Amino acid sequence: MERITVGYAFCGSFCTIAKSVEALRELAKLDINIKPIMSDIVYKTDTRFGKASDLIKTVEEICNEEIIHDITSAEPIGPKNLLDVIIVSPCTGNTAAKIALGITDTPVTMAVKAHLRNNKPAILAIATNDALGASAKNLGLLHNTQNIFFVPYRQDDPFDKNNSLVCDFTLIPQTLEYALKGKQIQPVIIK
């Protein structure tokens, strides 16, 4: 994985962002370049899980790069062939649906669309409360889409949130290794 450039995109599953930041820290230990990307919501919203300004500062320090946070800045990712792989972590049901249906109305969805035009891997680190409900059909479409790979996921709270799936963020580096070879890490559904 030496000398590759990874796009690392955050979406608004705010309760899982801390785990995603830890995964980003692990990736930063490798000999790779990381271009951070954030959805508008993550870039601008303070929540009970933390302030947007603190997250921005942390991510920019880890990556040593400014965050791409608008559609105009994300669009050149494709034409300039800036990335070897893009990781969306966390990837919400909303973002997964937009990627599945080709909707590009956020910096993250534009970055993924622009990147996929180069026939290179995109990795989705799913974190959504409706993965086994309304979002299931979109995840099914994405599982059958060329160059889309998934970080292995599980039901995170099957009794109180029975439609919820969250990936194992610690498996992002291994998923990246497989995706760069054009393979889906297995098993996708874990205990």
Side-chain angles (χ1 to χ4, degrees), residues 1-70 73-74 77 82-93 95-96 99 106-109 111-112 115 120-128 131 148-154 156-157 164-181 183-188 190-191:
M1 289 196 295
E2 291 179 16
R3 298 284 123 219
I4 65 167
T5 300
V6 175
Y8 198 94
F10 289 86
C11 293
S13 175
F14 291 100
C15 62
T16 63
I17 285 179
K19 290 180 181 178
S20 182
V21 169
E22 287 309 308
L24 177 64
R25 284 186 202 284
E26 290 303 309
L27 287 179
K29 293 177 184 177
L30 305 174
D31 189 20
I32 61 176
N33 301 313
I34 304 172
K35 293 197 175 294
I37 305 158
M38 282 186 185
S39 69
D40 298 325
I41 297 298
V42 174
Y43 194 79
K44 296 176 182 174
T45 306
D46 294 336
T47 71
R48 64 187 170 105
F49 299 103
K51 291 185 173 186
S53 60
D54 292 339
L55 177 62
I56 291 165
K57 181 180 180 206
T58 298
V59 169
E60 288 183 343
E61 285 175 357
I62 292 169
C63 299
N64 199 28
E65 289 248 2
E66 285 187 29
I67 294 168
I68 296 169
H69 61 90
D70 58 50
S73 301
I77 286 172
L82 296 178
L83 307 175
D84 295 297
V85 61
I86 190 167
I87 301 168
V88 182
S89 173
C91 182
T92 62
T95 296
I99 293 168
T106 72
V108 173
T109 56
V112 172
H115 173 72
K120 293 182 179 178
I123 297 169
L124 306 182
I126 295 297
T128 177
I148 298 286
F149 301 91
F150 286 84
V151 177
Y153 52 76
R154 66 175 55 92
D156 58 307
D157 189 355
S164 181
L165 293 177
V166 175
C167 74
D168 182 341
F169 291 93
T170 66
L171 294 176
I172 288 176
Q174 296 94 318
T175 305
L176 174 60
E177 281 185 58
Y178 276 81
L180 287 169
K181 297 173 188 172
K183 296 182 181 203
Q184 172 62 57
I185 190 172
Q186 295 293 340
V188 177
I190 54 178
K191 291 183 181 182

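Just so you know, these numbers come straight off a predicted model, no measurement behind them.
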May I ask you to test the [X]-[Y] pair for a side-chain heavy-atom distance under 4.5 Å?
| X | Y | value |
| --- | --- | --- |
| Met38 | Leu55 | yes |
| Ile77 | Ile68 | yes |
| Thr175 | Phe150 | no |
| Phe10 | Ser20 | yes |
| Val151 | Ser89 | no |
| Val85 | Lys120 | no |
| Ile172 | Ile123 | no |
| Leu83 | Lys35 | yes |

Closest contact, heavy atoms only, [X] versus [Y]:
| X | Y | value |
| --- | --- | --- |
| His115 | Pro121 | NE2-O, 2.8 Å |
| Thr95 | Cys11 | OG1-SG, 3.2 Å |
| His69 | Asp40 | O-OD1, 3.3 Å |
| Ala111 | Ile86 | CB-CD1, 3.7 Å |
| Ser53 | Asp46 | N-OD1, 4.4 Å |
| Thr45 | Ala52 | O-CB, 3.6 Å |

Test side chain to side chain contact (heavy atoms under 4.5 Å, CB included) on Tyr8 and Leu27; report intermediate values, then the result.
CA-CA 10 Å; Tyr8 198 94; Leu27 287 179; 3.7 Å; yes
Do Glu22 and Lys19 meet the salt-bridge criterion of a basic N to acidic O distance under 4.0 Å?
no
Is a donor on one side and an acceptor on the other found under 3.5 Å between the side chain of Glu60 and the backbone of Ile67?
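Yes, the answer is positive, given that a donor and an acceptor are paired below the 3.5 Å cut-off.
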When you measure from the side chain of Asp84 to the backbone of Val6, do you find a donor-acceptor pair of N or O atoms at a distance under 3.5 Å?
no
Could you check whether Thr106 and Ser39, counting side-chain N and O atoms only, form a donor-acceptor pair closer than 3.5 Å?
no
Ser164 and Asp156: side chain donor to acceptor below 3.5 Å:
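Judged by distance alone, the side chains do pair up.
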[atom1] ([X]) with more than 12 external heavy atoms under 6.0 Å:
| X | atom1 | result |
| --- | --- | --- |
| Ile185 | CD1 | yes |
| Glu66 | CD | no |
| Asn64 | CG | no |

How long is the straight-line distance from [atom2] of [Y] back to [atom1] of [X], given to the nearest 0.5 Å?
| X | Y | atom1 | atom2 | value |
| --- | --- | --- | --- | --- |
| Ile34 | Ile4 | CD1 | CD1 | 9.0 Å |
| Lys181 | Leu176 | NZ | CG | 10.5 Å |
| Leu124 | Thr92 | CG | OG1 | 10.0 Å |
| Phe169 | Ile17 | CZ | CD1 | 9.0 Å |
| Leu171 | Tyr178 | CG | OH | 10.5 Å |

Side chain to side chain contact (heavy atoms under 4.5 Å, CB included) between Arg25 and Thr58: does it pass, once the steps are laid out?
CA-CA 10 Å; Arg25 284 186 202 284; Thr58 298; 3.6 Å; yes
